[in-house]
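As structure tokens, the structure follows; a few thoughts come after it.
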Amino acid sequence: MVARRPPALDRVDINILAALQRDGRSTIQKLAERVGLSPRACLERVRRLEAAKIITGYQAVIDIAHLSRPINVFAEIILDKQARQAGFEQRLLRIDDVVECWQVGGTVDYIARFVCPDLAIYEALTTRLIEDPNLGVARIISHVALRPIRRFAGYPESLLARTND
């Protein structure tokens with residue numbers, strides 16, 4: 001099976017992506033006005049971007065502070081054996097408190113963001129990870145977040161234009 005090449009993006013597609021990042025609930029009518037298309041043409045482009053998996057979904061951004069006061073911890077995780085990566089990654093995928101995780105290069109293997117009700121729950125969670133001999137976690141270095149300075153709000157428009165064809 002030949003992999004389908006994503007569609008070429010023009011300036012209008014990039015403007016659609018940028019606008020939807022800022023306001024994913026925008027109506028097609030408003031979006032069309034913003035990018036200078038008819039509603040039908042705009043809808044067709046949005047559907048094409050969705051079909052190409054460039055737009056993978058829409059979600060609400062929740063201000064958790066209005067609901068609870070969880071702790072955010074950024075954890076640097078080091079494995080003792082790289083051969084255990086798959087099992088470790090599968091375990092992280094099953095932990096609801098891990099809201100984001102990246103495999104990284106350098107002196108650590110992963111950086112994970114935990115959002116837990118309190119520090120005791122985080123400590124118990126990471127203790128279980130370290131003590132499980134099947135996971136091979138050598139060390140976890142924890143950084144408790146004090147306050148956000150800038151949150152992710154979408155990719156820079158300069159990255160939306162594909163230049164590496």
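Please read these numbers as outputs of a predicted model, since none were measured by experiment. Keep in mind that the numbers below use all heavy atoms, side chains included, and drop hydrogens, waters and symmetry copies.
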For Pro133 against Arg84, the heavy-atom pair lying closest together:
O-NH1, 2.6 Å

Check Gln21 against Gly154 and note the closest heavy-atom contact, atom names and distance.
OE1-CA, 3.2 Å

Minimal heavy-atom distance between Pro39 and Ile28, with the atoms involved, is O-CG2, 3.3 Å

So, do Asp97 and Pro117 sit near enough that their side-chain heavy atoms are less than 4.5 Å apart?
yes

Is it true that Arg139 and Asp109 make a salt bridge, defined as a side-chain N closer than 4.0 Å to a carboxylate O?
no

Shared ILVMFWY cluster between Leu135 and Ile111, side chains joined below 4.5 angstrom?
no

So, do Glu50 and Tyr58 sit near enough that their side-chain heavy atoms are less than 4.5 Å apart?
yes

Judged by atom type as modelled, is there a donor-acceptor pair below 3.5 Å linking the side chain of Asp132 to the main-chain atoms of Leu129?
no

Contact check, side chains of Leu20 and Arg34, non-hydrogen atoms, under 4.5 Å:
no

Check against side chain to side chain contact (heavy atoms under 4.5 Å, CB included), Arg45 and Leu17
CA-CA 10 Å; Arg45 284 185 182 241; Leu17 293 172; over 6 Å; no

Salt-bridge test for Glu44 and Arg48: reply yes if a basic N is under 4.0 Å from a carboxylate O, no otherwise.
no

Closest approach of Ile54 to Leu9 (non-hydrogen atoms, all atoms of both residues)
CD1-CD2, 3.9 Å

Interatomic distance, Gln103 atom CD to Leu79 atom CG [nearest 0.5 angstrom]:
8.5 Å

Any side-chain heavy atom of Ile16 within less than 4.5 Å of one from Ile14?
no

May I ask you to test the Ile64-Pro70 pair for a side-chain heavy-atom distance under 4.5 Å?
yes

Separation between OG of Ser26 and CG of Leu31, rounded to the nearest 0.5 Å
5.0 Å

As a quick check of understanding, evaluate salt bridge (charged side-chain N to carboxylate O under 4.0 Å, His left out) for Glu157 and Arg11, giving each step before the final call.
CA-CA 10 Å; Glu157 201 169 317; Arg11 190 76 206 143; 2.4 Å; yes

Answer yes if Ile77 and Leu93 sit in the same cluster of Ile, Leu, Val, Met, Phe, Trp and Tyr residues linked by side chain heavy atoms under 4.5 Å apart, and no otherwise.
no

Going from OG1 on Thr56 to CG on Leu49, what distance comes out if it is rounded to the nearest 0.5 angstrom?
11.5 Å

Mind checking whether Leu119 and Phe114 sit in one hydrophobic cluster, side chains of I, L, V, M, F, W, Y counted as touching below 4.5 Å?
yes

Would you call Arg94 and Glu89 a salt bridge, using N to O less than 4.0 angstrom?
no

From CG (Asn72) to CZ (Arg113), nearest 0.5 Å:
4.5 Å

Tell me, do Ile62 and Leu67 make a side-chain contact under 4.5 Å, heavy atoms counted?
yes

Does one hydrophobic cluster hold both Val144 and Val98, with members joined at side-chain heavy-atom distances below 4.5 Å?
yes

Quick check on the hydrophobic clustering: are Ile95 and Ile130 connected, directly or via other members, by side-chain heavy-atom contacts under 4.5 Å?
yes

In terms of heavy-atom contacts, does CD of Glu123 have more than 12 from other residues, nucleotides or ligands at under 6.0 Å?
no

Given Val115, which of Val73, Ile71, Val99 fulfils the side-chain contact (heavy atoms from CB on, under 4.5 Å) condition?
Val99

Show the nearest heavy-atom pair for residues Tyr122 and Ser142, with the distance to one decimal.
OH-OG, 2.5 Å

Counting only heavy atoms not in Leu146, do more than 12 fall under 6.0 Å of its CG?
no

Is the closest side-chain heavy-atom distance between Ile78 and Val137 below 4.5 Å?
no

Taking the six-membered ring for Trp, are Phe88 and Tyr110 parallel (under 30°), tilted (30 to 60°) or perpendicular (over 60°)?
tilted

Give me the atom names and distance for the closest heavy-atom approach of Thr126 to Ile140.
CB-CD1, 3.9 Å

